[in-house]
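What follows is a single structure, written as structure tokens, with notes after it.
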Amino acid sequence: MNEYNFAYLDEQTKRMIRRAILKGLAVPGYQVPFASREMPMPYGWGTGGVQVSAATLTPDDTFKVIDQGADDTTNAISIRKFFEKTAGVQVTEKTSDATVIQTRHRIPETELSEDQILVYQVPIPEPLRFLEPSEVETRKMHALEEYGLMHVKLYEDISRHGAIATSYAYPVKVEGRYVMDPSPIPKFDNPKMEMAAIQLFGAGREQRIYALPPFTKVVSLDFDDYPFEASKADHSCEICGASHTYLDEVIVDDDGNRIFVCSDTDYCATHASKPQEAAE
Amino acid sequence: MKPLLAVEGISKFYGRRIGCASVSFDLYPGEVLGIVGESGSGKSTLLNCLAGHLTPDLGQIMFHTRTSGMQDILQMSESERRMLSRTDWAFVHQHARDGLRMSVSAGGNVGERLMAVGERHYGQIREKAIDWLSRVEIASDRVDDRPTAFSGGMQQRLQIARNLVTGPRLVFMDEPTGGLDVSVQARLLDLLRGLVREMGLSAIIVTHDLAVVRLLADRLMVMKDGYVVETGLTDQVLDDPQHAYTQLLVSSVLQV
């Protein structure tokens, strides 16, 4: 398909995004402004992630897209097709085969390695946004490391619900400096963020890019007497039987019966096929 | 005794108009200074300059910091100044809405300053919040209510609790009783007087209400058109006003 430049965006735009990514990697957790482009998809569908992926992909890459852990949802399929068409890159559903993984709301269960890049789609990059509406003020707070307000949010959680009820987009502190919104991943995934792969975050509508280099220290905020807990549903997967993965609750009939299944479809499929292989 | 705050020749201009001009005074620990004057006389401009919300065009403001003695506030870095304004200073706004987070519970409002200076133990923060609520006469079962559910007087008391929880040494108050009815005003003043005495606070109170300064202030500064026209002990200024404007001000109060 040669009507498009490689990976849809023009080379100048990709350079601009790459500069933002490099700056983000140099200052982990810092939100770098960038000139976000209109993409052929609505805001909120991953325009930021798509732009970061476009700037990151090379013709040799193998690309995977997950949406809430699944490879086969509308969002994941259409973004995968988009790059299949405009970049001609190989695509895969296997986490270990992919070199660039764009994700919405999950980190894969399979541990990522040094030669992989994980690209997050971020709706609201500013962790302080719902407490402090002014962007001028939040930037100042980041600059001066004034993060008391973040704990006010957690305090409110405990006073209202008896525990820290924030279960996704759980704020983290990066390398003891910047407080960062990890995008709406479940807090179950927070401890995984200290990983070997490069993590890039793109917020298209808000025009921000931030990044975590490999093995960056990422600490979830908490109180001394209410420590952080990476919680998940207290079940095991109905399909593959895994008990250590993040689960989705699925209603299966009109009587309200429900089952819990792995949200990571690729992990679930490989895990489910393994016992059978062993039996054969 | 060394002054807590030494102000020298503070001037602030809005273009060609004068906000306040060449104001100088010393404030000593434990002292309450009242600033009175009519609307537009530069009281609030002066207060905002002192509290670091506005940058004055001329003059210097020296504050006696806990760690390194007298420091010029205007020469400090912004982070130092902001640190000061959430530890050693407090600012009570006229409208409680400006000083409170309306979407956060009373306990969270009081706890914010504690968390901002590094308190990370929920139980202790909450305990302190409840203690402070009771000190400003708010029942402890209201700790999880939002300020939107509070009356005007309660909101103002909550704002005071939120400001005093870190044990500041200097409190700026901008019309703390404005917009409250007289009986609520009286109770608030009583409370403020008690807290000021008990904690040994220094305070600068801006108001146009002479009754407020009569009750709270040790010393008085009268401002008109940006200039200080008269200073002295409160009773002295109010009972024996020298400047024509002060005489007008004092005689305008309705005697009941």
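A note on names: the letters A, B, ... follow the listed sequences, proteins ahead of strands, and every chain is numbered from 1.
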Selection from B:Glu112, B:Glu119, B:Met83, B:Arg101 maximising heavy-atom pairs under 4.5 Å formed with chain A: B:Arg101

Beyond-backbone contact of A:Pro184 with A:Pro123, side-chain heavy atoms, under 4.5 angstrom: yes

Contact origin within A:Lys140 toward chain B - heavy atom pairs under 4.5 Å: side chain

Residue part contacting chain B, namely of A:Tyr155, when any heavy atom lies under 4.5 Å: both

Centroid separation A:Tyr147 to A:His142 less than 6.0 Å: yes

Carboxylate-amine/guanidinium contact A:Glu111 A:Lys192, below 4.0 Å: no

Which portion of B:Arg113 sits near chain A, non-hydrogen atoms under 4.5 angstrom: neither

Engaged part of B:Ser103 at the chain A interface, taking heavy atoms whose separation is under 4.5 Å: backbone

Basic-acidic side-chain contact under 4.0 Å: A:Glu126, A:Arg139: no

Which atoms of A:Ile158 approach chain B - backbone, side chain, both or neither, heavy atom under 4.5 Å: both

Whether A:Asp189 side chain and A:Arg106 backbone form a donor-acceptor pair below 3.5 Å: no

Heavy-atom pair count under 4.5 Å with chain A, highest-scoring of B:Ala116, B:Ser77, B:Gly108: B:Gly108

